[in-house]
Amino acid sequence: MAEPVAHNESVKSRPTPSRPQQGAITPQGTLAVYEPGSGKLLGEVRVSTAAQVRETVQSAKAAQTEWARKSFAERREVLLRFKDLLLQRADEFCDHISRENGKTRNESLFMEVLPVADATAWYANNARKLLKDEKISLHMFPHKKSYLRFYPRGAIGIISPWNYPFSIPTGDAVAALMAGNAVVVKPSEFTPIIMEKTRALLEEAGLPRGLFGVVQGKGDVGAELIKAGVNMIVFTGSVATGKKVNVGAAEQMIPCVLELGGKDPAIVLPDADIDTAAKKIAWGAFANSGQTCASVERVYVHESIAKPFTEKVAELARNLRQGEPNRHDVDVGAMTTQAQVDIIKRHLDEARARGAKIVAGGEIKVTPEGARFVQPTVLTDTTQDMAIIRDETFGPMLPVMTYRTLEEAVKLANDSSYGLSAYVFTKSRAKADEIANQLIAGTVMHNDTLYTHAAPETPWGGVKSSGLGRVHGKHGMRDFCEVRHVNLERVNFPAFWYYPYSRKAWSTGLRVYRTLLGHGLSSKLKALFGKH
Ligand code: NDP
């Protein structure tokens, strides 16, 4: 096993060696997967043809008919067994995820396996309550009663990225399955194997064969999946691909949820606990080598505490141990793809050329075997118009900027085409709450970063270019269902507005509405018919 790469070790940047590239299709029609932390071949998966994509969706739909008839208790039993098996095999799954994606062993546990186990248990235990009929009171028609009913949509297509190759698709899949759906996943071409292992574990837990399908390949296979008869698409990935997926879903007239990128800001107020803020922001920026949609990618710190904060966060960055990911004594792992390393390099080079200072890190290392590492890096003197502040970097880069007034900080934080998450550090909860109202983001966290993706009760998603719709929580779960409205009669009321039309009906109607809308009598009318 390779030793961790020491920070002061000078390994020159060099291109990835010439051999089948990670994510490329081999002449044998497979995707070869190389470990980002070592460059070794991990395995291969066969690429699906368009016909196989359609067959997988058809099999999933066939299995779904029976699955939807099962009670919540029966579905719960299968998914809780999956959760138990996953916890038993946590070591094996973490080992595999670290090898395939390059995150550290602890990150594979805390950011992939444990959140999925917990989300599975939560959806399994709460689906019945979240999806029970919801009554609607009809203020103008109290003689009737309405219900919302949540029916499974059929087959949910999940197209997922490489940065959380297990927790993103599986977290959504377990919610969709508990709601009575089938699922077909198209994993990223860079991290395809873990979904094969997930399918095997779900089937071992008792999930009917075919109900959870996996199709493999590059973007064209994702595009095929959208056309293959699925009833909804959940896409997590880049903004550019998200737009194509949105168009593809519109052509099929199916709903889609888009979980896209971010450029998430953290605002540090003068009263913040500097140690806590530095620690949590460092984790928010460097965990998973910064390859998290909600990574802290910009910090705005009040000028009065900028010096101690920057020193603290730089010291933390320097002390992180980086190296071969699959170990417990490594804090920062490898970069999953070379393409992402190239983006980081471009942002870093431009920032440096335009006057930014590197106060920690700054090196990019690619070993002769093809392992790639970017040092956790803290920068100062960046400006709002640099690519490292405007575009998603998706690497362990932490630019720290200063502000004078809170209005200025909020304005700078909102100055982005993205709006996934935002973070506020202050000892005052009231102040944090007030700032939360001004930040344009899907989620605002106080004195913390990233973690609510692992809280299944809370919705996840962004505004602006960060996406459409929400996954997780009640809203995410209900989105996996068609909402149907059922309207039943409570009392046979002799309606006067039907045929034959008359002048009398017209004036009665107008008088009734003027009275009810003018004097708030609808509640009295309701009281007359009793509560419902
Ligand atoms: P991509 O958009 O490149 O790919 C995402 C998935 O879409 C992959 O499986 C990809 O396949 C597939 N795909 C590519 N082209 C098409 C197409 N035309 N039709 C259908 N599917 C297609 O994103 P990345 O994998 O690079 O993921 C990184 C991005 O994901 C970042 O921007 C990050 O912020 C975002 N993200 C957002 C999250 C959120 O919750 N908001 C969470 C995590 C990541 P292939 O890889 O085989 O090309």
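Just follow the structure's listing: the first ligand is 1, and inside any ligand the first atom is 1. Values reported hereafter were calculated over all heavy atoms of this structure, with side chains retained and with hydrogens, waters and symmetry mates removed. In this chain, residues are counted from 1 in sequence order.
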Below 4.0 Å from any atom of ligand 1, which residues have a heavy atom? Give them in chain and number order, please. I159, S160, P161, W162, N163, I168, K186, P187, S188, E189, G217, K218, G219, G222, A223, F235, T236, G237, S238, T241, K244, V245, E259, L260, G261, C293, E392, F394, L420, W460
Taking only residues at least two apart or on different chains, which pairs with a member in residues 465-474 satisfy side chain to side chain donor-acceptor pair (under 3.5 Å)? none
Passing candidate, side chain to side chain contact (heavy atoms under 4.5 Å, CB included) with V471, options I168, D172, T236: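 Only match with V471 under side chain to side chain contact (heavy atoms under 4.5 Å, CB included): D172.
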Got a sec, which residues hit ring-ring contact (aromatic ring centres under 6.0 Å, His included) with Y418, two or more places apart in sequence or on another chain?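 Y418 satisfies ring-ring contact (aromatic ring centres under 6.0 Å, His included) with no residue once adjacent residues are dropped.
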Quick one: list whatever passes ring-ring contact (aromatic ring centres under 6.0 Å, His included) with F394, sequence neighbours left out. W162
Between D95 and R105, does any NZ, NE, NH1 or NH2 come within less than 4.0 Å of an OD or OE carboxylate oxygen? yes
For the pair R346 and E350, find out whether any cationic side-chain nitrogen is under 4.0 Å from an anionic carboxylate oxygen. no
